[in-house]
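Order of appearance sets the numbers: ligands from 1, and atoms from 1 within every ligand.
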Amino acid sequence: MDSVEPAGLEPGARAPSCPQKGILQPSDSSELECLQQFKVTKIQLQQIQASLLGSMEQALMREASLAPGVRMLPTYVGSTPHGNEQGNFVVLELGASGASLRILWVTLTGIKGQRVEPKSQEFVIPQEVVQGTGQQLFDFAARCLVEFLDAHSVGNQGLQLGFSFSFPCHQTGLDRSTLISWTKGFRCSGVEGQDVVQLLRDAIQRQGAYSIDVVAVVNDTVGTMMDCEPGVGPCEIGLVVDTGTNACYMEEARHVAVLDEDRGRTCVSIEWGSFSDDKALGPVLTAFDHALDQASLNPGAQRFEKMIGGLYLGELVRLVLVHLAQNRVLFGGYTSPALLSQGSILLEHVTEMEDPSTGVVCVHTVLQDLGLNPEASDAELVQRVCVAVCSRAAQLCAAALAAVLSHLQRSREQQTLQVAVATGGRVLERHPRFHSILQETVKLLASECDVSFIPSVDGGGRGVAMVTAVAARLAKHRRLLEETLAPFRLSREQLEAVQTQMREAMAKGLQREPSSLRMLPTYVRATPDGSERGDFLALDLGGTNFRVLLVRVAEGGVQIINQVYSIPECVAQGSGQQLFDHIVDCIVDFQQKQGLRGQSLPLGFTFSFPCKQLGLDQGILLNWTKGFNASGCEGQDVVHLLREAIRRRQAVELNVVAIVNDTVGTMMSCGYEDPRCEMGLIVGTGTNACYMEELRNVAGVAGDSGHMCINMEWGAFGDDGSLGMLSTCFDVRVDQASINPGKQRFEKMISGMYLGEIVRHILLHLTSLGVLFRGQQTQRLQTRDIFKTKFLSEIESDSLALRQVRAILEDLGLPLTSDDALIVLEVCQAVSRRAAQLCGAGVAAVVEKIRENRGLEELTVSVGVDGTLYKVHPHFASLVAATVRELAPRCVVTFLQSEDGSGKGAALVTAVACRLAQMARV
Ligand code: 0WK
Ligand code: BGC
Ligand code: BGC
């Protein structure tokens, strides 16, 4: 007997088919052409390897590929088992091994190496169900579940199920998966394009016997890979050859285009069954393959699988036997009805017939069962047909696996790749030679890779339970996150209630009745009319920066020169004298730099704190806000305090004409460009609003006609407890830790000084629940104000991928996983969204007041806006506008972002005052 060519073939030579002890060899002359077709050369295997590799990388980049290729489907499994997964899980396996489903009860101990044998039961799915309606299939599965759970009395509490669904699916989460197309003889209607988890949940619901939480759907290759004992692996590739074939592997997340992820790994289901690049496969596809495909349920699809999968090997053998019989090479040219009927030779038959010891006997048994009466030579030839078909299958499978190994080697830039492959499926488990041919051919095609094959213990059931455990943990985290963030998700009704309450508080405040809204008259009666002229000094205190400005109002418009100065915390919280002396120092420094020494220009003072104004240049500070707490100022006229400081500084001439709130300055500044601007809004360190109210509605100010700008001081809205229903425990913590507890409650839900702190407290809470940072509290996160509000704007910016989110958080020394980054993003979104909506409800209350004041059906009005949070946050402004549109549909509101800040507005108020004073003197 001639031995088959040694391993390491010459180009063009046929690949090894592993001579088998005890298998009779035909005489060379009679080796039949048709068997020759199943011989695949090393070159051909390498071509398939290369083409499949190309198809993998194209699909990863979501580049459309000409040749129907592999699908590369993300599975949302982000890590191989940690080994500490624990709990009891129900596993439902559908589709892995033909028309049967298996249910397991798996206990994970969470202790390395400690395994509890799963309880399992197999159910054969009737053919009419396999090709019936989707509802029939899922109802059948749900009934089997009930039968299993009844039989294994596992109770009915908190059952968590992992669904192993072995078909190509688009997954959008661990528990959301849409079937792309059936394979392997399944063809239930109404399922393709549907979320199979929902279909199963509905079917379980219809049974109504058990409340089972389907927390994860997993492809069988993933279950197989995850079933790898941590001690052995970790396995980073899962390979299944059962009725169908497929593999998955751990890919660098950054290589998976659909996942906006750049760190860590994620498991990808290759779905190589659909690989069918004619150039690579064409030469090895035989007429029998085409015949099988044509007669299959899905002609043209799964061509690669139809050369390897156990559902097809028997059929290929049968087609060859029929061909040989019809050509009088076998069975004396006799064909039995059974031999002629599709699917009459099964995988088991092929496996048995190839069995080295019992093979020949089995051949006779199988052929007799098919109504044939084989000669010994027939039996020997039939065995060789089986060998040819299965050897090719193993070699093709090896070429595909070698493609995955080459890809991993390349993407990990490793000269020598060491990897463990978890294997599962009856072809791999039961076929006598498939495994060894696979190993040998892989060694041949991927010689630089050191591959160890780890057979999965129970077909991946445990692996599915592992994924379910991870999914359960993530689902629990999701639930805890939703519970934590739910109070931040304000309903339309809640926002309408805020709007109504603000209207009531406005009305009371205007009538000087007890109200959390002070509605302070500002003595600004008109917005600029454009006739203002002159040079003015302006101060802008109360925002992020203290600025001194020189404002020239001329025919051609307004020119501004300004200088930013800092107010150290020790000055902001020192004595009033210190603070105002510091302010005058800055003014003097500015005058020197601008060559204004000795000039006494009219000065407008933007003082962004609640002041009871007795006149344009008299403002009694009611209380500090925003971290300011200089002593000896509250209850004082701050213009007087400024003038005192100027007096203390001798040789400085300053004519303080007006004190305005930054909201008023902002309204005036924008009103200079757009006369319809009748409201000012600040959302920065603090928040507040002002608007032009009908004088007749302002108690305590003489006159019934005309308007007066009212500084609402809405930061204090709710200080009377009226916002209690919206306040969360996190708001309470931020308020209690502030230097003015119980005060500025509305501001503490909206403005930049507090949003970062609210987020930090939520992150601490979620860490204590184990939802974040694996429950590890970090010193950094315990640090007050460590999570800046600007982080929210950065983290929520659309252009920032998760990676940058991670970078920001890592700078904070937070050990985070990719899921953590997503959760932090959601927390930021919830907190900033609530802030914007509350702000929008406030604006809606004001513009509706103006509309009703004027008895208008519809009001067109502009709002001048300033403040870092409003300007910098990527979504804040649009959320405010959307909320106003929703709550004040009869008002057309334009938001004008103030370019020059309120310093210009203060100068304009001063200019108007000077003009009016001028006219009064004339
Ligand atoms: C810029 C204005 C200033 C105001 C500030 C508020 O010129 O008057 O106080 O915006 O924004 P913040 O600087 O607090 O973010
Ligand atoms: C399916 C895969 C599955 C494989 C092995 C193929 O037909 O498309 O999802 O992993 O069979 O069961
Ligand atoms: C102050 C307001 C100011 C707002 C915006 C609040 O804390 O009380 O007067 O307009 O911050 O700066």
Side-chain angles (χ1 to χ4, degrees), residues 71 73 93 95-98 164-169 179-186 218-224 238-248 269-274 298 301-302 304-306 308-311 424-425 427 460 518 520 538-547 549 562 606-611 621-628 660-666 669 680-690 711-716 740 743-744 746-748 751-753 789-790 865-872 898-906:
R71 299 180 190 278
L73 303 169
E93 287 181 346
S97 41
S164 170
F165 186 71
S166 312
F167 300 93
C169 289
L179 174 63
I180 299 170
S181 62
W182 285 115
T183 63
K184 297 173 290 188
F186 277 74
V218 183
N219 184 265
D220 56 345
T221 55
V222 180
T224 300
L239 168 64
V240 167
V241 186
D242 194 298
T243 48
T245 181
N246 183 21
C248 70
S269 166
I270 302 171
E271 287 295 341
W272 62 23
S274 56
N298 53 353
Q302 300 295 102
F304 193 57
E305 173 163 86
K306 288 169 181 167
I308 301 172
L311 184 65
V427 175
R518 297 195 181 97
L520 303 164
L539 306 177
D540 186 351
L541 176 72
T544 311
N545 308 305
F546 168 53
R547 294 188 306 156
L549 307 88
N562 76 76
T606 301
F607 183 76
S608 312
F609 301 92
C611 285
L621 173 61
L622 298 170
N623 59 274
W624 285 116
T625 64
K626 292 176 290 187
F628 275 72
V660 295
N661 184 263
D662 53 354
T663 55
V664 179
T666 300
S669 168
L681 171 66
I682 295 287
V683 189
T685 315
T687 184
N688 186 17
C690 74
N711 166 11
M712 299 176 65
E713 284 301 332
W714 80 6
N740 55 350
K743 295 270 186 299
Q744 302 294 100
F746 194 57
E747 176 163 88
K748 286 172 182 166
S751 76
M753 184 160 191
T789 296
K790 72 180 172 71
V865 191
D866 208 332
T868 316
L869 178 59
Y870 185 95
K871 284 183 164 178
V872 174
S898 147
E899 295 320 320
D900 314 303
S902 60
K904 169 182 161 187

Q: Please could you name the atoms of ligand 3 that Gln744 approaches to less than 4.0 Å, counting only its heavy atoms?
A: 7 (O), 8 (O)
Q: Measure across Leu179 and Pro168 and return the closest heavy-atom pair with its distance rounded to 0.1 Å.
A: CD1-O, 3.5 Å
Q: Among all protein heavy atoms, pick the one closest to atom 5 (C) of ligand 1 and tell me residue, atom and distance.
A: Gly543 CA, 4.2 Å
(Q) Looking at ligand 1, would Gly752 count as a contact under a 4.0 Å heavy-atom criterion? (A) no
Q: Mark up the atoms of ligand 2 that fall under 4.0 Å of a heavy atom belonging to Asn219, in ascending order.
A: 2 (C), 3 (C), 9 (O), 10 (O)
Q: Starting at NZ of Lys904, measure out to OG1 of Thr666 and round the result to the nearest 0.5 Å.
A: 10.5 Å
Q | Ligand-residue contact atoms, ligand 3 with Asn688, heavy atoms, under 4.0 Å | A | 2 (C), 3 (C), 4 (C), 9 (O), 10 (O)
Q: Please check if the side chain of Lys184 supplies one atom and the backbone of Gly95 the other of a donor-acceptor pair under 3.5 Å.
A: yes
Q | Minimum-distance protein heavy atom relative to atom 10 (O) of ligand 3 | A | Asp662 OD1, 2.6 Å
Q. Where is the tightest heavy-atom contact between Ala538 and Gly903, given as atom of each residue plus distance?
A. CB-O, 3.4 Å
Q: Could you check if a side-chain atom of Asn219 sits within less than 4.5 angstrom of a side-chain atom of Asn246, using non-hydrogen atoms only?
A: yes
**Q.** Numbering as shown, the atoms of ligand 2 that approach Thr183 to under 4.0 Å (heavy-atom distance)
**A.** 1 (C), 6 (C), 7 (O), 8 (O)
Q. Can you tell which part of Asp242 has a heavy atom less than 4.0 Å from ligand 2: side chain, backbone, both or neither?
A. neither
Q: Identify the protein heavy atom lying closest to atom 15 (O) of ligand 1, giving its residue, its atom name and the separation to 0.1 Å.
A: Thr868 OG1, 2.4 Å
Q. Within the side chain of Ser751, is there an N or O that forms a donor-acceptor pair under 3.5 Å with the backbone of Thr685?
A. yes
Q: Could you tell me whether Ser608 approaches ligand 1 through its side chain, its backbone, both or neither, with non-hydrogen atoms closer than 4.0 Å?
A: side chain
Q: Calculate, to the nearest 0.5 Å, the distance between atoms CG and CG belonging to Asp220 and Leu239 respectively.
A: 10.0 Å
(Q) Please work out, at 4.0 Å between heavy atoms, whether the side chain, the backbone, both, or neither of Arg547 comes within that distance of ligand 1. (A) side chain
Q: Tell me, with the steps shown, if Asn740 and Lys748 meet side-chain hydrogen bond (donor to acceptor under 3.5 Å, both in side chains).
A: CA-CA 10 Å; Asn740 55 350; Lys748 286 172 182 166; 2.9 Å; yes
Q: Say whether, by atom type as modelled, one donor and one acceptor occur between the side chain of Lys871 and the main chain of Val683 under 3.5 angstrom.
A: no
(Q) With a 4.0 Å cut-off on heavy atoms, is Met753 in contact with ligand 1? (A) no
Q | Main-chain N/O of Met753 paired to Lys626 side chain as donor or acceptor, under 3.5 Å | A | no
**Q.** Closest non-hydrogen atom pair between Glu747 and Gly686, with its separation
**A.** OE2-CA, 3.1 Å
(Q) Please determine whether any non-hydrogen atom of Pro610 lies less than 4.0 Å from an atom of ligand 3. (A) yes
**Q.** Proximal atoms of ligand 2 relative to Gly244 (non-hydrogen, under 4.0 Å)
**A.** 5 (C), 11 (O)
Q. When you measure from atom 3 (C) of ligand 2 to every protein heavy atom, which one gives the shortest distance, and what is it?
A. Asp220 OD1, 3.4 Å
(Q) Starting from atom 9 (O) of ligand 1, what is the nearest protein heavy atom, named by residue and atom, and what distance separates them? (A) Asp662 OD2, 2.8 Å
Q. Do any N/O atoms on Thr606 end up under 3.5 angstrom from N/O atoms on ligand 1?
A. no
Q.
Quick check against the 3.5 Å criterion: does Ser902 have a side-chain atom that pairs as donor or acceptor with the backbone of Gly665?
A. no
Q.
Among all the protein's non-hydrogen atoms, which is closest to atom 8 (O) of ligand 3, and how far away is it?
A. Glu713 OE1, 2.7 Å
Q. Can you list the atoms of ligand 1 that are under 4.0 Å from a heavy atom of Gly901?
A. 7 (O)
Q.
Side chain, backbone, both or neither: which applies to Asn661 and ligand 3 if a contact is any heavy-atom pair less than 4.0 Å apart?
A. side chain
Q. What is the closest protein heavy atom to atom 14 (O) of ligand 1, and at what distance does it sit?
A. Thr685 OG1, 2.5 Å
Q: Note the single closest protein heavy atom to atom 11 (O) of ligand 1, along with its residue, its atom name and the distance in Å.
A: Gly867 CA, 3.1 Å
Q: Distance to 0.1 Å, residue and atom name: give those for the protein heavy atom nearest to atom 12 (P) of ligand 1.
A: Thr544 OG1, 3.2 Å
**Q.** Glu747, Met753, Met712: member with heavy atom nearest to atom 7 (O) of ligand 3
**A.** Glu747
(Q) By the definition side chain to side chain donor-acceptor pair (under 3.5 Å), identify the one residue from Asp662, Thr663, Asn661, Thr625 that meets it with Ser608. (A) Asp662
Q. Do any nitrogen or oxygen atoms of Lys184 come within less than 3.5 Å of a nitrogen or oxygen of ligand 2?
A. yes
Q. Would you say Gly273 contacts ligand 2, with heavy atoms under 4.0 Å as the rule?
A. no
Q: Among all protein heavy atoms, pick out the one at the shortest distance from atom 2 (C) of ligand 2; state its residue, atom name and that distance to 0.1 Å.
A: Glu271 OE2, 3.1 Å
Q. Does any N or O atom in Asn545 lie less than 3.5 angstrom from one in ligand 1, N or O only?
A. no
**Q.** Ring geometry between Phe607 and Phe609 (parallel below 30°, tilted from 30 to 60°, perpendicular above 60°)
**A.** tilted
Q.
Under a 4.0 angstrom heavy-atom cut-off, which atoms of ligand 3 come close to Ile682?
A. 5 (C), 12 (O)
Q. When you measure from atom 1 (C) of ligand 3 to every protein heavy atom, which one gives the shortest distance, and what is it?
A. Ser608 O, 3.4 Å
Q | Side chains of Leu520 and Cys611 in contact at under 4.5 Å (non-hydrogen atoms) | A | no
Q. Where is the nearest protein heavy atom to atom 2 (C) of ligand 1: which residue, which atom, and how far?
A. Asp540 OD2, 3.4 Å
